[in-house]
Amino acid sequence: MLKLENIRKSFGGLKALDGVSFEVNPGEILGLIGPNGAGKTTLFNVVSGIFPSDSGSVFFQRKNITRLPTHQIARLGIFRTFQNPSIFEAMSVLENLMVGNHLQGRAGFFSAIFKPPWERKEEQRMREQAQAVLKGIGLSDSADAAAGSLPFGKLRMLELGRALCAEPHLLMLDEPAAGLNQRETEDLTNFIAGLRAKKITIVVIEHDMSLVMGLSDRVAVLDQGRKIAEGAPQAVQHNPAVLKAYLGEEDWIKSLRR
Amino acid sequence: MKRDAVIWAALTLLVFTLPAFVHSPYYYSVLIIIGIFGIVVLGLTMLIGYAGQISLGHAGFFGFGAYFSAVLTTRFHLDPWLAMLVGLVATIVLAFLLGIPTLKLHGHYLAMATLGLGMVLQIIFKEEVELTGGPTGLTDVPHLKAFGMVFASDQKFYFLVWIFLLVLYGLSINLVHSRLGRALRAISSNQTAAGSLGIPVNRLKLLIFAVSAGYASLAGSLYAHYLSFVNPSPFGFLVSVKLVAMVVIGGSQSLWGALLGAGLLTALPEFLAVLQDYEMLVYGAILIVMMMFAPQGLAGILAGLHEWVKNRDHKKNAQA
Amino acid sequence: MPKPPFPCLEAGVGWHNQLIQYLVTGITTGAIYALVALGFTIIYNATEIINFAQGEFVMLGGMIAVTMLAGLGLPLWLAVILAIAATMLIGLAFERLAIRPVRKASVMNLIIITIGGSILLKGAAMLIWGKDDHPLSAFTPAPPLHVFSAVVTTQSLWVMAGTVLAVILLHVFYERTITGKALRACAFNPKAARLCGISVERMILFSFGLSATLGAFAGVLIAPITFTSYDVGTMLGLKGFCAAILGGLGSNPGAILGGLVIGVAESLSSGYVSSGYKDAVAFLILLLMLYFRPAGILGKRAEKV
Amino acid sequence: MKKLAIVIVFAALAGIVAFSVANTAEKATETYKIGAVIDATGPQSGLGEPEKQTLTMLADDLNAKGGINGHKVELILYDNENDATKSVLLAKKLVNDDKVIAVIGTTTSPTTMPIVPILSEAKLPLVSCAASWKIVKDPDTQQTRPWIFKTAQSDSLAVSKIYEWCSQNKISKVALITVSNAFGDSGLGELKRLAAEFKIDILDEEKFGDQDPDMTAQMTKIKGTNAQAVICWATGKGPAIVAKNLKDLGMTQKLIMSHGIANQKFLDLAGDAANGIILPAGKLIVADQLPVTDPQRKLLIDYKTRYEAKFPGAKVSTFGGHAYDAFMILTDALKKAGPEPEKLRAEIEKTKKHAGCGGIFNMSPTDHEGLTKDAFVMVQIQNGKWELIK
């Protein structure tokens, strides 16, 4: 479904990605792990077109999307969340979700200003769709609240919900559990597991190993801009290269062994 | 949406009942000027408040419309309405072309670039003497006519300007409460996130820049026909600043707030005129104080009051 | 009468004879713009605020010097020092009263606040000094010098020397003094600076004082050339802003270079294109720079703009 | 919601039909209300301020003497801040709210032009203190505007006077440097238009902005031409900078300026650099050098003494003189014809041999300016003093 070939990206002298290749299969959940600075977020940014790679290609459903601008990549059904939830703070919770819906509508400038009946129907449909997602993520009570006023845990859910509104084929989650407490993390894990049933392909970057190992069909490991391992969660846990990469990070080794 | 529709209806009511109380053409002319600036400010609010892009050069587009109307009607004897339309289209095309490189910039760089564009436009108005009449300006711009009526008197022109404003206000309300309006607010909040959701960020910024320039151009045409005179001085940097100040003082997050700002900053100097030489001092102080204590503008103050009254009622009810 | 594109060429006068004069003139005005631009840069580096009231500091410096000199009959050096000191105090007061309370405000609101400050200072100056232009005599009244084929007035030399002096002092200040290093640290990373025990608030206050000082210095230097009046600051402020952006916002050498480029461009376009369009030429250069190299001549390329 | 809105609109539309039209009942008052719109602040305040002071002085003095035929005069004076839009608002206020019988002003052409149609439509006399001939004549049809008069000498008169002087002094090649505002623009237009008539060659045209710090670049270019004289057309500080630049560059050409510098402030600013400058000026600044037979002499000296006594520290200026003339012409006509607009207008048109600050006025139905180039004398600045060239 998604195929990366030899992606390279550097910032100044720093090689953030140094020839990364891997593939994501339709319907699977791929965990992307690695120490801090391994290049995981950069990889997401390259795939979603936020900054283009220096060399290498990205294919989505056999189409080369390497040089496409962000919004056109989204148009193909690739959506993501961010490490720091980047919700639209001044807008209400429901409006945030309706922005997620953007590609489901087609009203342009003239239909926006003259509001023909079909545009009203479309608005109504988008609103209902957003409300359905709102219910799904359990935020129905705060539909009209300013998104900026939500507690952190709910922001994460809102951002996830916003991406879901877009009806993604491929969903990329950048540390969805960071900053969440135990309980919220469990809820989130269950929620993501539920998405599998909707046939959404998911790539998830996560430091919380229980989440990654519990959810992922496969795991890929990045270190210093290179892919050092890929495979089933159990196999990766005992891969010597992975252990070496995490060397010195005692907690990580512990969490890997857990 | 609902609240905006109510305010629109209330404003419409006000516009059509006010003449029962206004007898002096002087007050009409103040209202006309408020209406003209109000039209510019409607567009600018969508650009600044909704899409989050600053422009310190909109007086240039305002002037572009005014000069198109004045030049085409006096030198080429075009029908005023046609001239207005040509000016509108030309301004939109110009803003679109200039916007392509300009809107890639952010923050202070965008402010500087738009400021530069405005300056260059004003210099052109000054220097192309053959066409624009230079600093002396062009006189005897004809009156607008429609349905066998000449918009010469202040009262008639008042209705014309405010009907224009009400229509544009209505269209703007529709726009900001649409899919595109939400996308614009998303852009103003976080461009990267907006783009990742499939919103064509650059294209929408360009669109709203061109639309706001179009509003300014229409207002400029009306201005030229109202004064039946144009010269370069009302289209300079300080007027661009005044326009932005109207938006920000009124409250850039809402269209009606910005209209309030246009009203206040146009009418205020009329009242401040008694202060004579102190006017500039007071104007500067108002800008600073407003931004310090009411960064959300007049609209913010009113919303706060509304909230306060609601809460108080709530408490009363709870106690009862 | 249609104007030939290069009248002086057609008149048979060697264009290069005048070129040096244009350059000298351009460098003089450019040095003024550079000083104003430096003021923008100092504040921008410490706060990321563009201070639209910068031009008013220039005006205040000139006006206060005129008052001290002509009104109170003080000697020139004392008048200059007092004018600069008074303007510095006004700069400090401006920061404390109008900027510090709103440090967290949006770019837009800060722009409006500094513009408000500019209008306020201008309004106050009009009340105090009236609307007239005021002359200030040249520092050293001597006949102009002849350098190659160009004429250089002594006051131009003062302006150029003053700019060089300001640049050297600033450099020494930033590189050699604790306060200067602290200010640089704030510019580089306010959070880290705070952790190192640097009071960011004090540094911001300091930057306004320093910027006002520079502005006043520029104001005093140019008053003998261009006179001074309550409204002299607006255009100088805009040109200085232009120069700061052209050179690369936040870069001190960039501000100097930006100022010189704009000054020389204006002078050359007056000479070889059209004096009516010289300001347009300056702004067009700026726009092209923003479009093709938004970080400015000496700005950091990687900087997000 | 929308439906409610539409209903409201229609209700409102019905409302307009019912609203009453402004009542225009006018009370006959004892006082004559004269309106004035002056550019007293803003960039042209150097011109407007003395006009404002002159008008208040004249009105006070007139009332102290008992007014016009027993009617007191009420001067209602507004400041338009050199803003065309404000000018319009204030003119409308004078006409409709204050119900004045005539208006004086404004100071500059760009602020007068937009109020010309207002007074024409209201059918009230306007006596402008600005210079452009377009104020009194429609530039397209060349028709004189019936209700509009002006007292400032047209630029064409000053230009004719300058070119006449050039011809007498064997100067045929000139370079122009003008300020980029309405004053400079109008001067530039006339200088170009009349050049052929006086066989003058214009070798170069330069411009500068009114806030430019230095004009050395433009002057350098002029230096490179063969011009025998430089004509500078501007007001404010610009001409003083031009004079200094010319001197610093060691240029030997004669420097000729417009009547726009004929005030003490210019002498203060330019200092030594002003020496030798030639200009056409109204007779006011050289009143005491005029021959005793000059019909304007007594009046000019009288105005100067009164003005400088009333406003200590202020120096009389020709711009104040324009306001003086406007006020005197208007009040003279009022004395003879009374406040009825049409009669008043006709009376102003009949003004003949009226000695004013700006010259001897002879109005007619086709001439609402009433001056010839003899309104100007040529003056040279010597040692910080105006010297009449005889």
Side-chain angles (χ1 to χ4, degrees), chain C residues 1 3 7-8 11-15 17-22 24-26 28-29 32-33 126 130-135 137-138 141 143-144 146 150-156 222 224-229 231-236 239 263 266-272 274-279, chain D residues 40-46 48-49 175 177-178 180 184-185 188 192 195-196 201-227 236-238 240-241 244-245 247-251 263-273 313:
Chain C
M1 191 175 62
K3 255 167 76 173
C8 45
V13 178
W15 61 275
N17 285 342
Q18 297 176 336
L19 179 64
I20 297 171
Q21 184 70 58
Y22 291 138
V24 168
T25 308
T28 311
T29 13
I32 301 169
Y33 298 157
M126 191 181 93
K131 297 155 211 156
D132 291 342
D133 294 299
H134 297 273
S137 53
H146 289 262
V151 176
V152 189
T153 62
T154 50
Q155 194 61 34
S156 302
I222 64 169
I225 296 181
T226 183
F227 308 123
T228 184
S229 60
D231 58 352
V232 83
T234 313
M235 204 59 195
L236 284 173
K239 293 280 174 67
E266 279 183 9
S267 167
L268 288 180
S269 52
S270 296
Y272 298 120
S274 143
S275 41
Y277 272 108
K278 73 175 168 36
D279 286 349
Chain D
T41 59
Q44 300 300 329
S45 58
E49 184 75 21
I177 178 163
T178 58
S180 304
D185 188 47
L188 179 63
K192 291 203 300 198
D201 266 349
I202 297 172
L203 300 185
D204 190 21
E205 293 165 22
E206 295 299 322
K207 287 189 180 176
F208 59 88
D210 47 12
Q211 282 297 333
D212 280 4
D214 185 64
M215 287 66 153
T216 308
Q218 290 93 321
M219 295 309 284
T220 303
K221 194 166 160 194
I222 292 176
K223 191 183 175 187
T225 66
N226 299 321
K237 70 176 185 178
I241 299 178
K244 279 172 55 174
N245 293 159
K247 186 173 160 244
D248 287 340
L249 286 170
M251 292 167 68
N263 55 56
Q264 184 61 34
K265 281 169 199 160
F266 174 78
L267 296 180
D268 295 344
L269 288 179
D272 287 348

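To find a chain, count down the sequence lines: A is the first, B the second, and so on, and within it residues start at 1.
With a 4.5 Å cut-off on non-hydrogen atoms, C:P144 touches chain D through its side chain but not through its backbone. Of the two parts of C:D132, only the side chain, counted from C-beta on, holds a non-hydrogen atom closer than 4.5 Å to a non-hydrogen atom of chain D. Looking at D:A240, the atoms closer than 4.5 Å to chain C (heavy atoms on both sides) sit in the backbone and in the side chain alike. Proximity to chain C is absent for every atom of D:A196, based on heavy atoms less than 4.5 angstrom apart. Residue contact with chain D, scored on non-hydrogen atoms closer than 4.5 Å, involves the backbone of C:H134 exclusively. Contact of D:K237 with chain C is made through backbone and side chain together, with heavy-atom distances under 4.5 Å.
The closest side-chain donor-acceptor pair between C:Q18 and D:T220, if any, does not fall under 3.5 angstrom.
The two atoms that bring D:I241 and C:I225 nearest to each other are CG1-O, 4.1 Å, heavy atoms only. Taking all atoms of both residues into account, the shortest heavy-atom contact from C:Y22 to D:A217 is CE2-O, 3.2 Å. Closest heavy-atom contact between D:K221 and C:G271: CD-O, 3.1 Å. When all heavy atoms of C:V151 and D:K223 are compared, the closest pair comes out as CG2-NZ, 4.3 Å.
Of the options C:V152, C:T154, C:T153, a side chain to side chain contact (heavy atoms under 4.5 Å, CB included) to D:D248 is made by C:T153 and by none of the others.
From C:S270, atom OG reaches atom CG of D:D214 across 9.5 Å, with rounding to the nearest 0.5 Å. Taken to the nearest 0.5 Å, the OG atom of C:S267 stands 13.0 Å off from the CE atom of D:M215. A distance of 9.5 Å separates CG of D:L269 from OG of C:S229, quoted to the nearest 0.5 Å. Between atom CD of residue D:E206 and atom NZ of residue C:K278 there is a gap of 10.5 Å, rounded to the nearest 0.5 Å.
With chain D as the partner, the residue from C:T28, C:D231, C:V24 showing the most heavy-atom pairs under 4.5 Å is C:D231.
With hydrogens and angles disregarded, no donor-acceptor distance shorter than 3.5 Å links the side chain of D:K207 to the backbone of C:Y277. In this structure, the side chain of D:K244 engages the main chain of C:P224 through a donor-acceptor pair within 3.5 Å.
More than 12 heavy-atom neighbours from other residues, nucleotides or ligands sit within 6.0 angstrom of CG on D:D201.
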Notebook entry, point to check: After noting the C-alpha distance and the side-chain angles of D:D212 and C:T29, does the key distance pass the side-chain contact (heavy atoms from CB on, under 4.5 Å) rule?
Noted result: CA-CA 10 Å; D:D212 280 4; C:T29 13; over 6 Å; no
